[in-house]
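What follows is a set of notes on a single structure, which appears directly below.
Counting from 1, the numbers follow the sequence of the chain as shown.
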Amino acid sequence: MKTILHTAAASQLETECLVVAVVDNAAESKNGGKAAKPKPQLLTDDKSVLNAAADLIASGEVTGKMLESALLHKPPRLKAKRLLLLGGGKAKSFSSTELRKLAGAAVRALKAKGVKSFAIVAPASLGAVAVKAIVEGALVGDFEPNYYQSDREDKKIDKLVIVAKGDEKALQAAMKQGRIIGEAQNFTRDLVNEPGNRMTPTILAERAQKMCDEVGLQCEVFGGEKIRELKMGAFWSVAQGSDEDPKMIIMRYEPAGAPEKPVLGLVGKGITFDSGGISIKPADGMEKMKYDMAGGAAMIGAMRAIAQLKPNMRVIGIVCASENMPSGKAQKPGDVQIAMSGKSIEIINTDAEGRLVLADGLHYARQLGATHLIDAATLTGAVVVALGMVNAGVFANDDGFYNRFNAALANSGEKMWRLPAEDDYRDMIKSDIADIKNTGGRWGGAVTAAMFLKEFVGDTPWIHLDIAGVAWMEDAKPWIAKGPSGIAVRSLAEFAQQFAPDGADSSGGVSASSATIKAKSVPGTQAAQKKSDSGAGS
């Protein structure tokens, strides 16, 4: 999708369709009184656009309700062939989160009608952040997962024009940043979408290597022999049941002149298919287990974005890729494995394999010099029980590190909720025969999984993202297709820019200082900080 910035009047733009957001600016009722009548407000100051929509607004058919739509053909006094009004909800809470959704919804609605290009008005009140959010949302909305349908209709938006006012250099930088992040999210979704026979650990490593070559990252890939040589007993225990060779993918972003510290380590679970091993899963729904590498894919996508955004900080990305299969070679419940760190692990359930590969990945990231760690994994069904398919679970051992990550969520719009990682839970993973066991029982399963990982990070500031409930969209939404969501890529990219010691950029990229865009809401309102256009990563 080609994206173009247009700084002249929206009414004078020749386009297949002009899209404008509408919010409800009605005052809230007080003391439980009757709700006020909707007061729709178009987020544009172009008088010709306001006049063209006046009769439709006066009719009461447009209220500003979130994702409400009204399409007007041959709008008077506009050069656009159509005018699409999209509801953004209450004015007081309208922010880049809602705008990102609206951009995706516009793409999906218009391409279904055969429209190939359109323009959208960026609300001036949001500044450059509006441009960035529109590009991200539009790119994500354009993604379709039906690769292998022989009668697939390849409906795509060829061109998006963003009508915006402000400093053109800042707007162009925001548009570039939005494209980098949106494309990285779709790159991640592309990896997750592939079936297990077309996304083995070897193929995942090849895709990662190709991406690194394209964006200038260093990449190294270890196979099973090297994994055993490094004494990664936890990782190898998962891989040993499969005929597919496991791969450890190490990606390095090392910009010239970057300080020695901090070094951010991003570690992802890359189980390209999870049968459960000897503790085999039920057949119903097992086909979805191709998505069990979504955490690893998110780290590959995040590294792609980071390489192009160019924060002044070293970043190491590690993906532990394997299948988890039952066979005569597979590990069994009751086995004891020795992790790279030297800790012994009693295997209670072979379907609790993600934490095993991450254990060695986290330890190895520390060996490579990571001073701060973030891991992502479709780790537990328990987090879905706790948070549903709306929020990812977040665990942390350092409040300051968590607070800085949480601040990045205001920019990314991804919904994540912190859960405890307190020492009181450690007793639940004590083993009678080994140092720890790989499951803590039924209760608090997401927490005990996090506590298991905590054993391998020492005193290194660490965040764990359990994305099991939000890495896959179970149903299509107006702004995103059913299938992989690409959750965490936006948040990791935003965080990497904010966490870098400074925004120096000598490589012609989008510097953290000039283009890290802060989330905004309409002036006079307060946007919720933890809202998401993706709960599942749109």
Side-chain angles (χ1 to χ4, degrees), residues 230-235 248 250 252-254 258-269 295 299 302 311 313-320 337-345 354-377 379-380 392-409 416 418-431 434-438 440 444 446-466 488 491-492 495-496 498-501:
L230 290 171
K231 298 184 179 180
M232 294 181 171
F235 185 2
M248 173 165 276
I250 303 105
R252 289 183 174 89
Y253 169 70
E254 297 180 340
E260 185 178 339
K261 294 181 180 180
V263 179
L264 180 62
L266 303 178
V267 182
K269 170 188 173 184
M299 295 314 187
M313 175 181 63
R314 294 165 58 205
V315 186
I316 302 168
I318 293 178
V319 177
C320 304
Q337 310 291 359
I338 309 300
M340 188 184 192
S341 68
K343 282 188 182 291
S344 58
I345 305 165
R355 64 203 71 182
L356 296 173
V357 302
L358 287 175
D360 283 342
L362 288 164
H363 182 78
Y364 191 57
R366 293 175 68 205
Q367 283 200 344
L368 294 180
T371 62
H372 296 75
L373 295 168
I374 301 178
D375 75 71
L379 204 65
T380 67
V394 184
F395 301 82
N397 67 350
D398 183 282
D399 289 343
F401 189 46
Y402 166 77
N403 289 338
R404 296 189 68 173
F405 179 79
N406 191 46
L409 297 180
M416 302 188 186
R418 190 177 185 182
L419 294 168
E422 300 165 358
D423 287 341
D424 290 345
Y425 289 95
R426 191 185 183 282
D427 286 348
M428 298 172 71
I429 58 168
K430 283 184 177 179
S431 167
D435 294 327
I436 52 175
K437 55 187 179 181
N438 77 327
V447 179
T448 54
M451 294 303 296
F452 180 93
L453 297 178
K454 190 178 179 182
E455 293 286 310
F456 299 91
V457 301
D459 58 1
T460 305
W462 157 78
I463 290 170
H464 161 55
L465 307 179
D466 192 336
S491 297
L492 292 168
F495 175 75
Q498 294 183 25
F499 193 61

With sequence neighbours excluded, residues passing salt bridge (charged side-chain N to carboxylate O under 4.0 Å, His left out) with [X]:
{"X": "D424", "answer": "none"}
{"X": "R252", "answer": "E220"}
{"X": "R426", "answer": "E455"}
{"X": "K261", "answer": "none"}

query = Atom CE of M416 and atom CG of L409: how far apart are they, to the nearest 0.5 Å?
reply = 5.5 Å
Could you pull out all residues at least two apart from [X] that satisfy side chain to side chain contact (heavy atoms under 4.5 Å, CB included)?
{"X": "T380", "result": "R355, A382, V383, A446, A449, D466"}
{"X": "D423", "result": "M451, K454"}
{"X": "S341", "result": "A339, K343, H363, F456"}
{"X": "P262", "result": "M313, T371, H372, F499, P501"}

inquiry  = Test side chain to side chain contact (heavy atoms under 4.5 Å, CB included) on I436 and S431; report intermediate values, then the result.
reply    = CA-CA 5 Å; I436 52 175; S431 167; 5.6 Å; no
Could you tell me which non-hydrogen atom of [X] sits nearest to which non-hydrogen atom of [Y], and how far apart they are?
{"X": "S344", "Y": "I338", "value": "CB-CD1, 3.6 Å"}
{"X": "G233", "Y": "D360", "value": "N-OD2, 3.5 Å"}
{"X": "M248", "Y": "G361", "value": "CE-CA, 4.2 Å"}
{"X": "T448", "Y": "Y425", "value": "CG2-O, 4.4 Å"}
{"X": "G458", "Y": "R366", "value": "N-NH1, 3.6 Å"}
{"X": "K269", "Y": "A377", "value": "CB-CB, 3.6 Å"}

Would you say [X] and [Y] make side-chain contact, with heavy atoms under 4.5 Å?
{"X": "I463", "Y": "L373", "value": "no"}
{"X": "Q337", "Y": "L356", "value": "no"}
{"X": "H464", "Y": "V394", "value": "no"}
{"X": "F452", "Y": "L358", "value": "no"}
{"X": "I374", "Y": "L465", "value": "yes"}
{"X": "W462", "Y": "L362", "value": "yes"}
{"X": "I345", "Y": "D435", "value": "no"}

query = Charged N to carboxylate O below 4.0 Å: is that the case for R404 and D399?
reply = no
Run the side-chain hydrogen bond (donor to acceptor under 3.5 Å, both in side chains) test against [X] and tell me which residues pass, sequence neighbours left out.
{"X": "N397", "result": "none"}
{"X": "K231", "result": "none"}
{"X": "E254", "result": "Q218"}

message = Any side-chain to backbone donor/acceptor pair from T460 onto V457? Under 3.5 Å, distance only.
response = yes
ask   = So is R418 actually on top of Y402's ring, under 6.0 Å and inside 45° of the axis?
value = yes
key: Test side chain to side chain contact (heavy atoms under 4.5 Å, CB included) applied to I318 and L368, step by step   = CA-CA 10 Å; I318 293 178; L368 294 180; 4.1 Å; yes
ask   = Step by step, would you call L264 with Y253 a side chain to side chain contact (heavy atoms under 4.5 Å, CB included)?
value = CA-CA 10 Å; L264 180 62; Y253 169 70; over 6 Å; no
Residue pair V263, I316: steps toward the side chain to side chain contact (heavy atoms under 4.5 Å, CB included) verdict = CA-CA 7 Å; V263 179; I316 302 168; 3.8 Å; yes
Set of residues satisfying ring-ring contact (aromatic ring centres under 6.0 Å, His included) with respect to F405, sequence neighbours excluded = F495
